[in-house]
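Scroll down for the structure; my scribbles are underneath it.
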Amino acid sequence: MKNFYITTPIYYVNDAPHIGHSYTTVLADILTRFHKLIGYQTFFLTGTDEHGQKVQQAAAKRQVDPQIHVDEYNQRFKKLWEKMNIEYNYFIRTTDADHKEFVAECLQKLWDKGEIYSKEYEGWYSVGEERFFSEEELVDGKDPISGRPVEWLKEKNYFFKMGMYQQKLITHLEENPDWILPDYRRNEILGFLKQPLNDLCISRPKSRLSWGIPLPFDDEYVTYVWFDALINYVSGVRNRAYENGEPIWPASYHLIGKDILTTHCVYWPTMLMALEIPLPKHVLAHGWWLTGGSKMSKSSGTGVNPMDYMEQFGVDAFRYFLAREMVVGQDCTFSDDAFKRRINSDLANDLGNVLNRVHRLVLTNFEGKLPKATQIDAPAQELITLANQVREQVFSGITQVKLSQVIEDIMSLVRGINRYLEIKAPWKLAKDPSAKDELASVLFTAAEAVRLSLCFLWPVMPTKTMEGLAMLGTTCEGEKDLHWGKFQGGESFGEGAPLFPRIEVEKAPPPPAKTKEQNKPVLATDVPSLLDLRCAKIISVEDHSDAESLYVLKVDAGESEVRTICSGLKKSYTPEELKDRLILLFANLKPAPLRGIMSMGMLLAGDGEEGKAVLVDPPANTPIGTRALFKGIIPSESRELKIKDFDKISLYVKDKTIFCNDNRLEFNGTPVSCDVKDEASVH
RNA sequence: GGCGGUUUAGCUCAGUUGGUUAGAGCGACGGAAUCAUAAUCCGCAGGUCCGGGGUUCAAGUCCCUGAACCGCUACCA
């Protein structure tokens, strides 16, 4: 018997469940049910990650014990999964005694093998993110992710010798090209592994974090998130087995979102190698559900909350949409329009309707008892052939995790039934008493095809398909029901109402005629008019914690928010020289992360002596935010520029003032100066 | 800046090792039908397969080059 063990990440218990959690879990559930349906032994593990500082703090804030806090909060996930018809085999919690025990066992084993060592470590620590940042990563002295304050900490910690496994991991990836799916994610990891792989810090002193699993060899410490969390995939099944007694590990698939690729494709396999535990068969990274227009704009207001759709239109329709619409691996947009269109056309018009047609025809013509077929003509044979073909597609597609494709294949069978009915027109046969036999055959054939379609869709919509099958007086019990020919004739049909009511959609105004054209290339001649160069003032200067030459500057460019920019001026200026100074800011440069810190623009400077940069000087009293213009060039509407667009032109200095071609740069008529010799370029 | 990917009908996408009239679903339009949830079925879309070169008897499919977009990565004055 073939085995199938799938996992979802364990979700952080403090997080409010959202579409991301739901999608991963639904996908795991559907894949599990499909494998079960086609005859595998299956095991499905999900759960919650319940240690860490955020839990400790949240509990403290509520003045409850952390354990009580997590006991309460993990219910949010459990309840959601129940509502969503998720049939996991086990829900693991990292606070389970069994899990803690196994993590400690693993740590002890690695310690005994010399795979873990201790080392003093100093750095900037962010409580909010529960991690250290290098100097360079900080933004204005704050944590670059949440912007919260950091503190300088010096402490001993324990490290796992992850670096030792770099080559072994690369070899594994090369020998197992489908270990990471989709393949482009594998390439990312191989790229990541071209650089030296560091060892992994796996501890936190209890003085700072007490809510965790103690290191068995030093009880002043607890183990750190990933070491604790990743091991759940093994600890959750090590004392369990399939019905036939076979062990469950290794996993067939670790299902993850693309954001935790590195932890699952680098940390985890090296940990397993060190522990001498077999690796999982595949890691499958899916994409994001995007809601509401462009990610940058908050004002568009077109965002929808996908979870509302589950409440409003039912769990099964919701599951169907998630599974059908997203190609596993890719991002996908969740829109009101797409949802309603998909549900109406596939579930209401095609599937629900054909079921209803057959059901009603049998009810009115045969008093609810399925008649037996007496003949198989060409159209019927064609439908049978199609059904067999779809069966093959389901079996092969599902083992390749081509879920949206499989569903589309099943729907092609549903459409085939509608076509068959149209050809045979049983409603006409019903009016001809001499055609009773033919009518019986048509309805029998159509009913069998509908039955099969519903069985195939059971993993996606467990409840609705069973309701549909009940309308046909049958059910689906597994692989044996996946063949043509289960119906014998004589089955009593049940009661029935339309399975998927059509969603009424307001007549949408005709979509604005979109002119489909790619963004026009930026021409060199257009750059001067597009440049948004502004007077700005440096408010603060800090060293980049992880870069030798970069300062992190906060500048006031006359906007509602202060901008952070990174600038390589350490060789040229001291922080004191920079503070409160007016600069020329290239404001519409596409933001780019520099050593981990987003730089929202770039300041301009000229090439001085000895490779030093000389800042451009706006005239003394220029109001902050004033835009500098090239004389004789009319500025055009602002558009975000890339650095390569800027490189298409050259700015140079003549008589201490700045020119582009022959156009001098001015603030309200006053030239902008830069104290470098003629012909020096400015950038 | 580096590496990788994407760009095919109005929309979302398939297109295997290069080979007859480039496909599917949805939508739009026209028609048929009326058992059914105003659902279904049939027909139709004259798509520069992003642009430009090249290889070939033959290219969406291989090579070069330009563009846009996306991902990873990068101390860019």
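Here is the naming used below: chain letters follow the sequence lines, and residue numbers restart at 1 for every chain. Every heavy atom of this structure was used, including side-chain atoms; hydrogens, water molecules and symmetry mates were not.
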Q) Do side-chain atoms of A/Y420 reach the backbone of A/A449 as a donor and acceptor pair under 3.5 angstrom? A) no
Q: Could you tell me whether the side chain of A/L569 reaches within less than 4.5 Å of the side chain of A/Y551, counting heavy atoms only?
A: yes
Q. Got a sec, which pairs hit salt bridge (Lys or Arg N to Asp or Glu O under 4.0 Å) with one end in residues 179-196 of chain A, sequence neighbours left out?
A. A/R185-A/E188
Q) Quick one: does A/L454's side chain get under 4.5 Å of A/M471's, heavy atoms only? A) no
Q.
At 4.0 Å (heavy atoms only), tell me whether A/F192 reaches a base, stays on the sugar-phosphate, or touches nothing.
A. nothing
Q: Evaluate the side-chain proximity of A/L472 to A/F487: yes if any heavy-atom separation is below 4.5 Å, no if none is.
A: yes
Q) Using a cut-off of 4.0 Å between protein heavy atoms and nucleotide atoms, how would you tag nucleotides 28-33 of chain B 5' to 3' with B, S and -? A) ------
Q. Quick one: A/L641 CG to B/A68 C1', roughly how many Å, whole number?
A. 15 Å
Q) If you look at every strand shown and take non-hydrogen atoms under 4.0 Å, does A/G191 touch a base, only sugar-phosphate, or nothing? A) nothing
Q. Could you give the CZ-to-C1' distance, from A/R324 to B/C11, as a whole number of Å?
A. 13 Å
Q: Considering just the side-chain nitrogens and oxygens of A/K431, establish if one lies under 4.0 Å of OP1 or OP2 belonging to B/C35.
A: yes
Q: Could you note down all residue pairs passing salt bridge (Lys or Arg N to Asp or Glu O under 4.0 Å) where residues 406-431 of chain A supplies at least one of them, sequence neighbours left out?
A: A/R324-A/E408, A/D350-A/R415, A/R357-A/E422, A/D377-A/K424, A/E408-A/R415, A/K424-A/E438
Q | 4.5 Å side-chain heavy-atom contact, A/I539 and A/K537 | A | no
(Q) Within residues 401-419 of chain A, which residues have any heavy atom lying less than 4.0 Å from an atom of RNA chain B? (A) A/E408, A/R415, A/N418, A/R419
Q: Supply the atom-to-atom distance A/R319 CZ to A/L457 CG, rounded to the nearest 0.5 angstrom.
A: 11.5 Å
(Q) Nearest to the A/Q195 side chain among B/U73, B/C76, B/C26, which nucleotide is it? (A) B/U73
(Q) Without decimals, in angstroms, what is the distance between A/N353 CG and B/C41 C1'? (A) 12 Å
Q. If you check the A/R357 side chain, which of B/G25, B/A68, B/A36 turns out closest?
A. B/A36
Q: Find the distance A/N349:CG to B/A38:P and express it as a whole number of Å.
A: 9 Å
Q | ring-ring contact (aromatic ring centres under 6.0 Å, His included), paired with A/F313, selected from A/F318, A/Y320, A/F339, A/F321 | A | A/F339
Q. Base, sugar-phosphate alone, or nothing: which one does A/L421 contact when heavy atoms must sit under 4.0 Å apart?
A. nothing
Q. Base, sugar-phosphate alone, or nothing: which one does A/R360 contact when heavy atoms must sit under 4.0 Å apart?
A. sugar-phosphate
Q. Tell me, do A/D331 and A/K258 make a side-chain contact under 4.5 Å, heavy atoms counted?
A. yes
(Q) Between A/D607 and A/S681, is there a side-chain donor-acceptor contact under 3.5 Å, judged purely by atom types and distance? (A) yes
Q | Secondary-structure stems, RNA chain B, at least 3 Watson-Crick or G-U base pairs under 3.5 Å | A | B:1-7 with B:67-73, B:10-13 with B:23-26, B:29-32 with B:40-43, B:50-54 with B:62-66
Q) Can you name the nearest heavy-atom pair linking A/L421 to A/V358, along with the distance? A) CD1-CG2, 4.2 Å
Please list, for nucleotides 2-5 of chain B, all pairs of protein and nucleotide N/O atoms separated by less than 3.5 Å.
none

Q) Is there side-chain contact between A/F630 and A/L651, with at least one heavy-atom pair below 4.5 Å? A) yes
Q. Considering residues, nucleotides and ligands other than A/Q381, do more than 12 of their heavy atoms fall under 6.0 Å from its CD?
A. yes
Q | Between B/C76 (C1') and A/D607 (CG): distance, integer Å | A | 13 Å
